[in-house]
Amino acid sequence: QRRVAGVFSGYREAPLAFDPTFKYDTWSDTYDTSAKQRIPSWTDRVLYRTPPGQYESITPTAYTATMEIRASDHKPVAGCFDVHVNVADQARGVARGGE
């Protein structure tokens, strides 16, 4: 959807390295067994965006789903990031790199 319609233009996502996280039977690890037989999908995502020209300012370090939680037809998704920020030195009126 993002590629076709420009939805969330400029946002990025770490590579998916986990099974689809949506359409499980509640309280189970089984994909939809209802009459609808919905196709499993990755509906729960973690997207991020960097300032223009600063593509290395945010680096994903982990992107995963918690398959052990079964209380919903969705599995929770989590992402961890290293974020490089500039810290303003108000006394001198300059910005310096920091982490």
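The chain is numbered in sequence order, starting from 1.
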Across all chains, not counting sequence neighbours, the side chain to side chain donor-acceptor pair (under 3.5 Å) partners of D32 are S34
Cationic tip of K75 within the cone over Y24's six-membered ring, i.e. under 6.0 Å and within 45° of the normal?
yes
Worksheet item: Looking only at atom types and distance, does a side-chain atom of W42 sit under 3.5 Å from a main-chain N or O of F18, one as donor and one as acceptor?
Response: yes
d(F22 CZ, I39 CD1) to nearest 0.5 Å is 11.5 Å
Donor-acceptor check, side chain of T61 to backbone of C80, threshold 3.5 angstrom: yes or no? yes
Minimal heavy-atom distance between G79 and V46, with the atoms involved, is N-CG2, 4.0 Å
Taking atom CD as the centre, does Q37 end up with more than 12 heavy-atom neighbours from other residues, nucleotides or ligands that are less than 6.0 angstrom away?
yes
Heavy-atom side-chain proximity of I58 to R12 below 4.5 angstrom:
no
Exercise. So, does Y31 use its side chain to make a donor-acceptor pair with the main chain of P20 at under 3.5 Å?
Worked result: yes
> If you group Ile, Leu, Val, Met, Phe, Trp and Tyr by side-chain heavy-atom gaps below 4.5 Å, do W27 and I69 land in one group?
Replying inline: no
Do Y48 and L16 land in one hydrophobic cluster if side-chain heavy atoms of ILVMFWY residues count as linked below 4.5 Å?
yes
One should read off an interatomic distance between R45 CZ and E13 CD, to the nearest 0.5 angstrom, of 4.0 Å
Of all heavy-atom pairs linking A65 and T21, the shortest is CB-CG2, 3.6 Å
In short, T50 meets Y55 closest at the heavy-atom pair OG1-CD2, 3.5 Å
Applying side chain to side chain donor-acceptor pair (under 3.5 Å) to T33 and not counting sequence neighbours gives D25
Take D29 and R70 through the side chain to side chain contact (heavy atoms under 4.5 Å, CB included) test and state the conclusion after the steps.
CA-CA 7 Å; D29 291 322; R70 298 175 181 88; 2.9 Å; yes
Separation between OG (S57) and CG (D82), nearest 0.5 Å, reads 11.5 Å
